[in-house]
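Every value quoted in this text rests on a predicted model; they were computed, and no experiment measured them. Whatever order the structure lists them in is the order used to number ligands and atoms, beginning at 1. These values consider heavy atoms only, across backbone and side chains, with no hydrogens, waters or symmetry-generated copies.
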Amino acid sequence: MLQDIINISKEAGELIRSRFNTKFALKFKTNESDLVTEVDNVSEKIIVDFIKKKYPTHGIITEEGGTSLSTSEYNWVIDPLDGTVNFAHGLPIFAVSIGVQKNSETIVGIVYDVMQNVVYHAEKNNGSYENGKRIRVNDNSNLRHALLVTGFPYDVRENPENALGKFVAFTKAARGIRRLGSAAIDFCYVAKGVFDGFWEVHLKPWDMCAGKLIVKEAGGLVTDFEGNKIDIFSKRILASNGKIHEAMIKVLKENP
Ligand code: IPD
Ligand code: CA
Ligand code: CA
């Protein structure tokens, strides 16, 4: 199954890459920042058609098409293009993200960084890999030396709380903050030790299913803002190298 997921992620990614910086239809979803392009939909179709053919009994949760749960113990959780705003503006930071859950536990996660042509993968209890090479979180324990990453939900204008105050606080507390625009890639960069920590509110299951496992299997920690265990439906996510987790929780608690 792992090789199948890698292959189909790459196939969808090749389609996305071939459409980068071309003309494509674009629609607003909830508002003018929340976009879907025809490329999101074609990528999703490639992946969903494959699952229906090869694993017809498995359930599927996708960003654009919704949920078709089944009686099978397996569910695929798919973001066919994570980083749509980047893609639409010609910024080459976006990914295909696929997680597979068995009885609600993620057992495989793949993030395909399309423009870097890099596959990140993790299997439960078997580590995390970048193009087949083992990756691990870094071991920095000092928040002042940390490079962090975050993102903002599409309703940040209506609900600035939980996003902007924390952003300001971390800007003062850490060495630097980045906002890449692809949550799936944010997780992978924590997993390989580029970023020390990543926090975000209102991520969706398809943004985090694969990435969460990739961080965990790379030796990192993924919790809510209080340090509690989370599932893919949780609204607040904190992923880190584990060593700066407590310091990040303190900042999250103290800053609304
Ligand atoms: C978005 C990206 C972004 C994050 C948003 C997500 P999309 O996914 O992951 O980094 O800040 O919350 O919705 O819409 O490009 O698939
Ligand atoms: Ca996404
Ligand atoms: Ca998406």
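Rounding to the nearest 0.5 angstrom, the gap separating the NZ atom in Lys192 from the OH atom in Tyr120 is 3.0 Å.
Only protein N, O or S atoms were considered, and those under 3.0 Å from the Ca ion (ligand 2) are Asp79 OD2, Asp82 OD1, Asp207 OD1.
No side-chain donor-acceptor contact under 3.5 Å links Tyr74 and Asn103. In this structure, a donor-acceptor pair under 3.5 Å is present between the side chains of Asp40 and Thr84.
Here Glu105 pairs with Lys124 under the side chain to side chain donor-acceptor pair (under 3.5 Å) rule; sequence neighbours left out. For the side chain to side chain contact (heavy atoms under 4.5 Å, CB included) test, residues two or more places apart in sequence or in another chain that qualify with Arg19 are Leu15, Thr22, Phe24, Glu38, Val39, Phe87.
Salt bridge present: Lys29 and Glu64 bring a charged side-chain N and a carboxylate O closer than 4.0 Å.
Nearest heavy atom pair, residue Ser240 against residue His245, reads OG-ND1, 2.7 Å.
Other residues, nucleotides and ligands contribute over 12 non-hydrogen atoms within 6.0 Å of the CD atom of Glu158.
At a heavy-atom cutoff of 4.0 Å, ligand 1 is surrounded by Glu63, Asp79, Leu81, Asp82, Gly83, Thr84, Gly151, Phe152, Tyr154, Arg179, Gly181, Ser182, Ala183, Glu200, Leu203, Asp207.
A side chain to side chain contact (heavy atoms under 4.5 Å, CB included) with Phe170 is found for one member of Asn255, Ile177, Thr150 and no other, namely Ile177.
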